[in-house]
Amino acid sequence: MTEQITPKTNFIKEIIDEHNRTGRFGGRVHTRFPPEPNGYLHIGHTKALVIDFGIAEEYGGLTNLRYDDTNPVKEDVEYVDAIKEDIRWLGFDWGDREYYASDYFEQLYDMAIELIKAGKAYVDELSAEEMRENRGTLTEPGKESPWRNRPVEENLNLFERMRAGEFPDGSKTLRAKIDMASPNMNMRDPVMYRILHAEHHRTGNKWCIYPMYDFAHGQSDSIEGITHSMCSLEYENHRPLYDWFLDALGIFHPQQIEFARLNLTHTVMSKRKLRKLVEEGYVDGWTDPRMPTLAAMRRRGYPPQAIRKFIELIGVAKNDSFVEVELLEHVVRDELNLIAPRRMAILKPLKLIIDNYPKGETEEFEVRDFPQNPENDARRTVPFGRELWIEQDDFMEEPAPKYFRLTPGREVRLMNAYFVTAHSVEKDEEGNVVAVHCTYDPETRGGNALDGRKVKGTIHWVSAEHAIDAEARLYDHLFKDDFPEDLPEGEVFTDHVSPDSLEVLKGIKLEPSLKEAKPGQFYQFVRNGYFTADSVDSSEEKLIFNRTISLVDTWAKLMK
RNA sequence: UGGGGCAUGGUGCAAUGGCAGCACACCGGACUUUGAAUCCGUGGAUCUAGGUUCGAAUCCUGGUGCCCCAGCCA
């Protein structure tokens, strides 16, 4: 297991410590996790999850789950449910504090009225295009809207009628009256409300005006008494606006803190791109095990503790960064190594016939599930017979240098069974080896020679007579490139989806104890990798295994 | 050529004026009934130029590079 040497602090905790020293929030720490229900949670969100829930817990505080559902045209209950399942799977608990920004629509509306009355908001009638033209550019100030200074009463009247549904989509907006010349574009009279005659997944058709994120998030935090509102770096430019609304309203003022979001090599993380992969069929839905979504990782067999551990290891900072996916894979292997019982399975079968083993005879071996762990003596029974399946890769008629598996004339160990020596091969008309003949030494039962002689190679096997047929799905990185988003001019990231990211193996051979394998149970297929039954397609009649992650393969590296 | 942020081995994160460290990756070795795991070991970093200081990754000044912002998205 990886050492628990993660840094004990980070810049966010230092800020909180400072607040606690000065008593800004009376020692209280209350955070929120604010997903928009418009897609599945991915590994990047896990960073926010671990920060939001982890920090609150560390300080003895609470975390609210709050859906940021202010845009009905993009959101759906399907995602609300999926998100909750993912959070629970990771082991986080929001108690009964499941909230929605849409719960606050009425209060938000009242706040807008208040700002209008204070002369800090106005109804604008500029079209989207006109508004864009008036906004100015990064280097030039914007122009004030001709509607900017109309009387409070008129604003009130118009805003009420916006709510009443008197105007078509896009015809009017409510804007904050701040500063069209601000160097921060977010302060150039940002839109607070837009007209959207759309059905909301929670409020139905009650509303036809919806608040913008900037007008909803800070106040939602405030209403819930959130003390520390963590978000990603791109919201840094929004903090002045977040603060402005809170101050203009004179309500409880949480602290927004921004951190760098997680980027991972060999994958893409934006919801837009993930959606594209799904919609254009590059993958089989949001839960395709190659996706970086939590649902996909669960299906693929990543243990949730490993994902949490990974997030703890990468730390928190404000530095834009790309984490190598190898670290995630390391943590997954590390965890699985501890919890996954060993099994024998042959992925690419080759027949091995023991010529001097009595025909028709079988025997059983009692084999340990965790041979590397002296404290866990769990065992299972594995049948053995005259004809076995071994891996094609475990036999070479003309061995490469340093190859020490099965090859004519060399003695190797069949794991937990006997020493065997290959003598001859059967080939098909194309010259492919289809069976290997060997002899065994009955004096090596269990895998050790009475005379103490050693063998260099140990290979795994499955009794042909008892084997169960199954399918295996081997996954590799979705993209071969480290940074699939860094593309030459004119190329699309979907063109780079790796054709090797999925390899389906029909007719793999399993030891019989795998018959009852269920999704959510992890196995190590000895010398091959970690596998789990597929939660969508596997059944008792037709077992289908996902390869969660291969074992480290020093031999393959040597061969390159 | 506006504003906001960020620069430490290949990657990510520490070091908060006092010996630049940890993890992954890489490389070498030991051990091995998994070419896994485990164990041991090597190499490799403070963007740059000045300044302050006995002493700077850390403080100051200038430069350079990268990221974000011109949605009625979040």
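None of the values given here were measured: they were computed from a predicted structure. These numbers come from the heavy atoms of this one structure, side chains and all, not from hydrogens, waters or symmetry mates. In the text below, chain A, chain B and the rest are named by the order of the sequence lines, each starting its count at 1.
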Can you tell me whether the side chain of N237(A) and the base of G3(B) have a donor-acceptor pair closer than 3.5 Å? yes
Measure from the side chain of N319(A), starting at C-beta and using heavy atoms only, and say which of C13(B), G10(B), G5(B) lies closest. C13(B)
Please determine, for the side chain of E236(A), which listed nucleotide (A36(B), G4(B), C72(B)) has the closest atom? G4(B)
Looking at G35(B), A74(B), G2(B), which one has an atom nearest to any side-chain atom of T139(A)? G2(B)
By nearest atom, which of the nucleotides C24(B), A74(B), C13(B) is closest to the E326(A) side chain? C24(B)
Can you tell me which stems RNA chain B forms, taking runs of 3 or more consecutive Watson-Crick or G-U pairs with both distances under 3.5 Å? B:2-7 with B:64-69, B:10-13 with B:21-24, B:27-30 with B:38-41, B:47-51 with B:59-63
Do D221(A) and Q256(A) meet the criterion of a side-chain donor-acceptor pair at a distance under 3.5 Å? no
Chi class for G71(B): syn within 90° of 0, otherwise anti: syn
Does the side-chain ring of W555(A) lie flat on the base of G35(B), meaning centres under 5.5 Å and planes less than 30 degrees apart? yes
Need one value for R135(A): base, sugar-phosphate or nothing, where a base atom within 4.0 Å counts as base even if backbone is also close, heavy atoms only. sugar-phosphate
Electrostatic pair E18(A):R21(A) at N-O distance under 4.0 angstrom: yes
When you compare the protein's N or O atoms with those of nucleotides 26-31 of chain B, which come within less than 3.5 Å of each other, and at what distance?
unit_1, atom_1, unit_2, atom_2, d
C26(B), OP1, K557(A), NZ, 3.2

Quick check: do F531(A) and L514(A) have side-chain heavy atoms less than 4.5 Å from each other? no
Tell me whether the side-chain N/O atoms of T137(A) come closer than 4.0 Å to OP1 or OP2 in G2(B). no
Which nucleotide in the list C72(B), A36(B), G35(B) gets nearest to the side chain of V552(A)? A36(B)
Between residues 254-266 of chain A and RNA chain B, which residues have a heavy-atom gap below 4.0 Å? none
Please work out if M131(A) contacts a base, only the sugar-phosphate, or nothing of the nucleic acid, heavy-atom cut-off 4.0 Å. base
Which listed nucleotide (U34(B), A70(B), G12(B)) is nearest to the side chain of L138(A)? A70(B)
On the side chain of R132(A), is there an atom forming a donor-acceptor pair with the base of G71(B) - under 3.5 Å, no angle test? no
